[in-house]
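Structure record follows, encoded as structure tokens.
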Amino acid sequence: MIRSKFHPARDVAIGLGAVLLFAWFAQLASRSAAPDFDMAGRAAIHAYARPWLTLVMKAASLAGGAWVLWPVGVLVAGLLARAGRGREAAVFGVTVVGANLGNEAMKLFFHRPRPVPWFGYQLPPTYSFPSGHAFESFCFCLCLAEILIRYGWPLAGKVAMWCAALVCTLTIGLSRVYLGVHYPTDVLGGYAAGIVWTTLIRVARHVWRKRALANNA
């Protein structure tokens with residue numbers, strides 16, 4: 001996604017599509033009352049509540065929070081730098097830190113109040129839209145997957161790695177709606193923002209590499 005072959009038309013189309021999706025979710029989130037889509041989504045997910053599933057969702061939510069992602073991110077960046085993969089460490093750091101800063105800025109801009117949580121879960125002090133867990137875990141997991149995948153891997157290994165990354169970020173996003181601290185549009189908006197941000201990173205990296213090659217020619 002970030003290191004793979006750059007296709008301008010495809011990547012620009014993906015980025016623009018994600019921008020439009022984010023704008024739609026932002027419009028829904030900006031309403032004075034939660035739209036029917038959000039209320040129906042919350043109710044549908046809450047209908048599957050089970051004690052064991054609540055424990056799983058709390059664990060997933062914890063895994064997608066700052067107390068886990070930041071230490072793991074620092075460890076990953078350090079290991080990459082130590083292995084002589086400084087550029088990949090830099091890309092990973094810019095992707096994750098940029099996602100965090102962008103998310104906090106958007107929360108302050110949209111000022112969407114959070115819904116009432118379930119299961120006695122503590123309500124976070126920040127605003128609701130977009131979901132930082134969805135946005136940041138998307139950027140973290142997919143960027144990490146691409147860094148870990150090596151060019152010589154068989155197709156099955158690459159597919160397994162991508163599937164693992166997607167399952168992780170989707171479970172983290174689902175956990176936030178399940179626990180009641182986000183509306184579905186918050187999570188979907190976070191994923192759309194993640195696609196936009198990683199696409200911008202891809203474009204910037206492609207432009208930088210072209211300039212570096214031109215200067216060395």
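- Smallest separation of non-hydrogen atoms from Asp11 and Thr199: O-CG2, 3.4 Å.
- Considering CG of Asp38 and CG of Leu188, their distance stands at 8.5 Å, rounded to 0.5 Å.
- Under the 4.5 Å side-chain heavy-atom criterion for ILVMFWY residues, a single connected hydrophobic cluster contains both Trp162 and Leu148.
- Side-chain contact check for Arg112 versus Thr185: some heavy-atom pair is nearer than 4.5 Å.
- With contacts defined as side-chain heavy-atom distances shorter than 4.5 Å, the pair Phe135/Met106 qualifies.
- Taking both residues in full, the closest heavy atoms of Ala18 and Ile195 are given as CB-CG2, 3.6 Å, listed atom of the first, atom of the second, then distance.
- Between atom CD1 of residue Ile147 and atom CZ of residue Arg87 there is a gap of 14.0 Å, rounded to the nearest 0.5 Å.
- By the 30° and 60° cut-offs, the orientation of the rings of Phe92 relative to Phe140 is perpendicular.
- A parallel orientation is assigned to the rings of Trp118 and His46, their planes being inclined by less than 30° (bins at 30° and 60°).
- Between Pro113 and Ser128 the shortest side-chain heavy-atom distance does not fall below 4.5 Å.
- One finds no salt bridge joining Lys107 and Asp186 here, because no Lys/Arg side-chain nitrogen approaches an Asp/Glu carboxylate oxygen to under 4.0 Å.
- Tyr183 and Phe119 are not part of a single hydrophobic cluster, where members link through side-chain heavy atoms under 4.5 Å apart.
- A heavy-atom distance below 4.5 Å is found between the side chains of Met57 and Thr171.
- Within the model, atoms CZ of Phe138 and SG of Cys143 stand 10.5 Å from one another, a figure rounded to the nearest 0.5 Å.
- A single hydrophobic cluster is not seen to contain both Val167 and Leu174; linkage of ILVMFWY side chains at heavy-atom distances under 4.5 Å, directly or through other members, places them apart.
- When all heavy atoms of Arg114 and Val181 are compared, the closest pair comes out as NH1-O, 2.8 Å.
- Ala145 and Ala165 get closest at one heavy-atom pair: CB-CB, 3.8 Å.
- In this structure, Phe129 has its ring center no closer than 6.0 Å to that of Phe109.
- For residues 47-70, the side-chain hydrogen bond (donor to acceptor under 3.5 Å, both in side chains) pairs, not counting sequence neighbours, are Thr54-Tyr178, Ser61-Tyr121, Ser61-Arg176.
- Two residues are said to be in side-chain contact when any heavy atoms from C-beta on lie closer than 4.5 Å; Asn100 and Val96 fail this criterion.
- The shortest non-hydrogen separation linking Pro115 to Leu123 is O-CD1, 3.5 Å.
- Atom CG of Leu179 sits about 12.5 Å away from atom CD of Gln122, to the nearest 0.5 Å.
- Residues Val72 and Val76 are in side-chain contact: their nearest non-hydrogen atoms beyond the backbone lie under 4.5 Å apart.
- Between Met39 and Ala34 the shortest heavy-atom distance is SD-CB, 3.7 Å.
- In the displayed structure, Trp24 atom CH2 is contacted under 6.0 Å by at most 12 heavy atoms of other residues, nucleotides or ligands.
- Note: Tyr191 OH to Cys139 SG = 11.5 Å, rounded to the nearest 0.5 Å.
- Cluster membership for Leu21 and Phe37, using ILVMFWY side-chain heavy atoms within less than 4.5 angstrom, is shared.
- Leu166 CG to Leu142 CG: the interatomic distance, rounded to the nearest 0.5 Å, is 5.0 Å.
- In the hydrophobic clustering of ILVMFWY residues, with side-chain heavy atoms under 4.5 Å counting as a link, Val19 and Leu28 come out together.
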